[in-house]
Peer 1: 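Below you'll find the structure I mean.
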Amino acid sequence: MANYFNTLSLRDKLKQLGQCRFMDSWEFSDGVSALKGKKIVIVGCGAQGLNQGLNMRDSGLDISYTLRESAIAEKRQSYVNATENGFAVGTYEDLIPNADVVINLTPDKQHTAVVSAVMPLMKKGATLSYSHGFNIVEEGMNIREDLTVIMVAPKCPGSEVREEYKRGFGVPTLIAVHPNNDPEGKGLAQAKAYAVGTGGDRAGVLMSSFVAEVKSDLMGEQTILCGLLQTGSILCFDKMIEKGIDPGYASKLIQYGWETITEGMKYGGITNMMDRLSNPAKIKAFELSEELKDIMRPLFQKHMDDIMTGHFSKTMMEDWANDDKNLLTWRAATGETAFEKTPAGNDEISEQEFYDNGVLMVAMVRAGVELAFEAMTESGIIAESAYYESLHETPLIANTIARKKLFEMNRVISDTAEYGCYLFDHACKPLLADFMKGIDTAVIGKPFGNAKNTGVDNARLIAINKALREHPVEIVGARLRASMTAMKPIV
Ligand SMILES: NC(=O)C1=CN([C@@H]2O[C@H](COP(=O)(O)OP(=O)(O)OC[C@H]3O[C@@H](n4cnc5c(N)ncnc54)[C@H](OP(=O)(O)O)[C@@H]3O)[C@@H](O)[C@H]2O)C=CC1
Ligand SMILES: CC[C@](O)(C(C)=O)C(=O)O
Ligand SMILES: [Mg+2]
Ligand SMILES: [Mg+2]
């Protein structure tokens, strides 16, 4: 199998990378009808499998789960997830031959083996679905010609897919039909119905391509979404300890700080997050983030380049072939970091204090979101997609750190995201070593500035506000957030 993206002509690469249209809510007026009464079988019952299945069943669809025989025999967690929630569970032989739609929600590493096993059992004209296109785009998996191949990719962790649905809403979702596998022309209707089933249509759906999803998803998760949050957590924590801040306080400031400051960003973009700081602190955060952008830009560009050329996927697949040696070593090392091992203290930290004492964290978030967005859009990924994979998803990942630190984040995200996160983190920490030497508690751990002297230069403040507000991620973000709010009352 050859990397599918690399087999495309430049023209086709650019066409598929640039495929992205924000769909109107009227385009979902048929609801789940294209899937109503169809036998839908999900392979795997993990982070995405369980939560997508629960939503689709609540939306009136016929859902059952197929698991590998060992998972059923040993009553593993996936078996418990499915059976405790009242779903029928069976082997591939039991369920796949009657399935109209097979949804592959196993880890990316397993896709070639799983798809090779289920494909011969699938009935003629059935549909195979993914929530991430790695297998098709990076591994070049060829699917039987009579099968339709679609993708419905929620832009968030599985836990949020369920929580948002229960709130009567959904999470932004990207849908796609593989151009090589749409023999009956039904792929789009089924993908739309699936997005309605998970609640994705209520939050906004991007009509995209397998290629655009893979390249943007990999970039987001490696850099701002997971990689930089991991690097930032470790560096900020270690700096506070070096400077004598109470370890319990430092641990708490980081663990809950990302969630709090990115909540401000969720509502009003980088502009609002920065506006939560005092004027002198905002100017300092802007200066730090400019410096961070200059230092980290080549690393963000390298990740984007390695994703585009297939170098990243090639090296990760080498680790798959090596029994995940790197992944497992890096996972264990993360568990040993001082931040991970220091419990959060009992100090009360007010919402505003997370901003005031976390100026460096604000600067890191701004730098990371803008750099990721810039690297993606410079490479032909459309702004809407780049927004979801940078600014939009950062607060959702920050929530996982608030639950149980980096361990929880890396458990909830896919193994593919986890691998890329460590790769970025290992390159980024040394890159920021000199920068961190100049950092003290004025920007992490203690309030910035002197409460008695809050004066700033007007012209400088105006120029900074303009730069923040006019960044393209803010322009597209304001539009997308407005349409998400407009969609909510339709529910
Ligand atoms: N994690 C997330 O939030 C997101 C994930 N995605 C994508 O969704 C897909 C699923 O990822 P995720 O939910 O993280 O996966 P998980 O690791 O959470 O779940 C994997 C499931 O697959 C089963 N499984 C593992 N290996 C095999 C195998 N060889 N054969 C059959 N079943 C197997 C596991 O069961 P058992 O081991 O018991 O057999 C488990 O039920 C991936 O393509 C991922 O990129 C997309 C968006 C976000
Ligand atoms: C950010 C990581 C992710 O892409 C996701 C939750 O969207 C993943 O692969 O887990
Ligand atoms: Mg993702
Ligand atoms: Mg991913």
Peer 1: Partners of Lys38 by side-chain hydrogen bond (donor to acceptor under 3.5 Å, both in side chains), sequence neighbours excluded?
Peer 2: none
Peer 1: I need the full list of side chain to side chain donor-acceptor pair (under 3.5 Å) pairs touching residues 391-402, with sequence neighbours left out, sorted by first then second residue.
Peer 2: none
Peer 1: Check for a donor-acceptor pair, side chain of Asn6 on one end and backbone N or O of Ala2 on the other, with a separation under 3.5 Å.
Peer 2: no
Peer 1: Under 3.5 Å, is there a donor-acceptor pair linking the side chains of Ser216 and Tyr388?
Peer 2: no
Peer 1: For Arg479 and Tyr387, which I'm curious about, is there any donor-acceptor pair between the side chains at under 3.5 Å?
Peer 2: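 Absent: no donor and acceptor within the cut-off.
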Peer 1: Check step by step if side chain to side chain contact (heavy atoms under 4.5 Å, CB included) holds for Leu391 and Glu370.
Peer 2: CA-CA 8 Å; Leu391 197 151; Glu370 290 189 3; over 6 Å; no
Peer 1: When rounded to the nearest 0.5 angstrom, what is the spacing between OG in Ser131 and CE in Met151?
Peer 2: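 Reported to 0.5 Å precision, the distance equals 8.5 Å.
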Peer 1: I'd like to know if the side chain of Asp108 reaches the main chain of Thr416, judged simply by a donor and an acceptor atom lying under 3.5 Å from each other, with no hydrogens or angles considered.
Peer 2: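 Between the backbone of Thr416 and the side chain of Asp108 there is no qualifying donor-acceptor contact (under 3.5 Å).
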Peer 1: I'd like to check Pro157 versus Ile397 (side-chain heavy atoms, cut-off strictly below 4.5 Å). Are they in contact?
Peer 2: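 Yes. Closest side-chain heavy atoms under 4.5 Å.
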Peer 1: Taking Ile175 as the fixed residue, which of Ile150, Leu188, Leu206 is the one that meets the side-chain contact (heavy atoms from CB on, under 4.5 Å) rule?
Peer 2: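 Between Ile175 and the candidates, side-chain contact (heavy atoms from CB on, under 4.5 Å) is satisfied uniquely by Leu188.
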Peer 1: Of Asp324, Asp415, Asp319, which is the lone residue that meets salt bridge (Lys or Arg N to Asp or Glu O under 4.0 Å) with Lys109?
Peer 2: Asp324
Peer 1: With respect to Lys215, which candidate in Glu389, Glu138, Gln16 satisfies the side-chain hydrogen bond (donor to acceptor under 3.5 Å, both in side chains) definition?
Peer 2: Glu138
Peer 1: When you compare the side chains of Gln190 and Thr127, does any donor N or O come within less than 3.5 Å of an acceptor on the partner?
Peer 2: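 There is such a pair (donor and acceptor under 3.5 Å, judged by atom type) between the side chains of Gln190 and Thr127.
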Peer 1: Nearest heavy-atom pair of Ile224 and Gly368: which atoms, and what distance?
Peer 2: CB-O, 3.6 Å
Peer 1: Show every ring pair (Phe, Tyr, Trp, His ring centres under 6.0 Å) that has at least one partner inside residues 70-109, sequence neighbours left out.
Peer 2: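 Only Tyr65-Phe87 qualify under ring pair (Phe, Tyr, Trp, His ring centres under 6.0 Å).
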Peer 1: Taking all atoms of both residues into account, what is the closest heavy-atom pair of Gln19 and Ser208, and its distance?
Peer 2: O-OG, 3.1 Å
Peer 1: So, Glu221 side chain and Cys226 main chain: donor-acceptor pair closer than 3.5 Å or not?
Peer 2: no
Peer 1: Do Asp275 and Asn465 come within less than 4.5 Å of each other through their side chains, counting heavy atoms only?
Peer 2: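 Sidechains of Asn465 and Asp275: in contact.
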Peer 1: Between Thr198 and Asn55, do the side chains contain a donor N or O and an acceptor N or O under 3.5 Å apart?
Peer 2: no
Peer 1: State whether the number of non-hydrogen atoms from other residues, nucleotides or ligands found under 6.0 Å of Glu69 atom CD is greater than 12.
Peer 2: no
Peer 1: Go through the side-chain N and O atoms of Glu213 and His132 and say whether any donor and acceptor fall under 3.5 Å apart.
Peer 2: yes
Peer 1: What's the shortest heavy-atom distance between Gly200 and Thr173, and which atoms?
Peer 2: CA-OG1, 3.5 Å
Peer 1: Check the pair Val149 / Tyr130 against side chain to side chain contact (heavy atoms under 4.5 Å, CB included), numbers first and verdict last.
Peer 2: CA-CA 8 Å; Val149 177; Tyr130 292 85; 4.0 Å; yes
Peer 1: Look at the side chain of Lys192 and the backbone N and O of Glu27, then say whether any donor-acceptor pair between them is shorter than 3.5 Å.
Peer 2: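 Yes, Lys192 side chain to Glu27 backbone: donor-acceptor pair under 3.5 Å.
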Peer 1: If you round to the nearest 0.5 Å, how far is CD of Gln48 from OG1 of Thr106?
Peer 2: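 Answer rounded to 0.5 Å: 12.0 Å.
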Peer 1: If you define the side chain from C-beta out and look only at heavy atoms, does anything of Arg144 sit under 4.5 Å from Met119?
Peer 2: yes
Peer 1: Does Glu408 form a side chain to side chain contact (heavy atoms under 4.5 Å, CB included) with Ile401? I'd like the steps, not just the answer.
Peer 2: CA-CA 6 Å; Glu408 176 72 356; Ile401 299 179; over 6 Å; no
Peer 1: Specify the closest pair of heavy atoms between His178 and Phe210, including all atoms of both residues, with the distance to one decimal.
Peer 2: N-CE1, 3.5 Å
Peer 1: Any side-chain to backbone donor/acceptor pair from Thr66 onto Thr91? Under 3.5 Å, distance only.
Peer 2: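 Between the backbone of Thr91 and the side chain of Thr66 there is a qualifying donor-acceptor contact (under 3.5 Å).
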Peer 1: For Val171 versus Lys155, what's the shortest heavy-atom pair and its separation?
Peer 2: CG2-N, 4.5 Å
Peer 1: State, without any angle test, whether Asn410 and Gln230 hold a side-chain donor-acceptor pair at a distance under 3.5 Å.
Peer 2: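 Side chains of Asn410 and Gln230: pair found under 3.5 Å.
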Peer 1: Could you check whether any side-chain heavy atom of Ile103 comes within less than 4.5 Å of a side-chain heavy atom of Met56, counting everything from C-beta outward?
Peer 2: yes
Peer 1: Given salt bridge (charged side-chain N to carboxylate O under 4.0 Å, His left out), test Asp100 with Lys39 step by step and report yes or no.
Peer 2: CA-CA 5 Å; Asp100 299 297; Lys39 286 240 158 294; over 6 Å; no
Peer 1: Where the side chain of Glu340 meets the backbone of Gly335, is there a donor-acceptor pair that is under 3.5 Å apart?
Peer 2: no
Peer 1: Distance only, no hydrogens: is a donor on one side chain within 3.5 Å (strictly under) of an acceptor on the other, for Glu418 and Tyr422?
Peer 2: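 Side chains of Glu418 and Tyr422: pair found under 3.5 Å.
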Peer 1: Do any N or O atoms from the side chain of Glu474 and from the backbone of Thr271 form a donor-acceptor pair under 3.5 angstrom?
Peer 2: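 A pair under 3.5 Å: yes.
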Peer 1: Would you say the side-chain atoms of Asn322 and Glu318 include a donor-acceptor pair closer than 3.5 Å?
Peer 2: no
Peer 1: Is atom NZ of Lys15 surrounded by more than 12 heavy atoms (other residues, nucleotides or ligands) closer than 6.0 Å?
Peer 2: no
Peer 1: Which heavy atom of Ala285 sits nearest a heavy atom of Met274, and at what distance?
Peer 2: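 Closest pair (atom of Ala285, atom of Met274, distance): CB-CE, 4.0 Å.
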Peer 1: Dump the intermediate steps for side chain to side chain contact (heavy atoms under 4.5 Å, CB included) on Glu384 and Val476, then the final yes or no.
Peer 2: CA-CA 7 Å; Glu384 282 83 350; Val476 70; 4.1 Å; yes
Peer 1: Supply the atom-to-atom distance Cys421 SG to Gln222 CD, rounded to the nearest 0.5 angstrom.
Peer 2: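 Rounded to the nearest 0.5 Å, the SG-CD separation comes to 9.5 Å.
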Peer 1: Quick check with a 6.0 Å cut-off and a 45 degree axis cone: is Arg202 positioned over the face of Tyr165's six-membered ring?
Peer 2: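 Satisfied, under 6.0 Å and within 45°.
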Peer 1: Out of Trp320, Phe5, Tyr4, Phe312, which one pairs with Phe134 under the ring pair (Phe, Tyr, Trp, His ring centres under 6.0 Å) rule?
Peer 2: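 Of the listed options, the one satisfying the test is Trp320.
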Peer 1: Mark yes or no for whether Thr262, through its side chain, and Met265, through its backbone, hold a donor-acceptor pair below 3.5 Å.
Peer 2: no
Peer 1: Asn181 and Thr148: side-chain donor and acceptor closer than 3.5 Å?
Peer 2: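 Side-chain D/A pair, Asn181 to Thr148: absent.
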Peer 1: Under the 3.5 angstrom rule, does the side chain of Ser385 hit a backbone N or O of Ile382 as a donor-acceptor pair?
Peer 2: no
Peer 1: Please determine whether salt bridge (charged side-chain N to carboxylate O under 4.0 Å, His left out) holds for the pair Asp146 and Lys123, giving the CA-CA distance in whole Å, both sets of side-chain angles, and the decisive distance to 0.1 Å.
Peer 2: CA-CA 9 Å; Asp146 61 292; Lys123 71 180 177 192; over 6 Å; no
Peer 1: Does the gap between the ring centers of Trp330 and Tyr419 come in under 6.0 Å?
Peer 2: yes
Peer 1: Using modelled atom types only, decide if a donor and an acceptor are shared between the side chain of Asn135 and the backbone of Met141 within a distance under 3.5 Å.
Peer 2: no
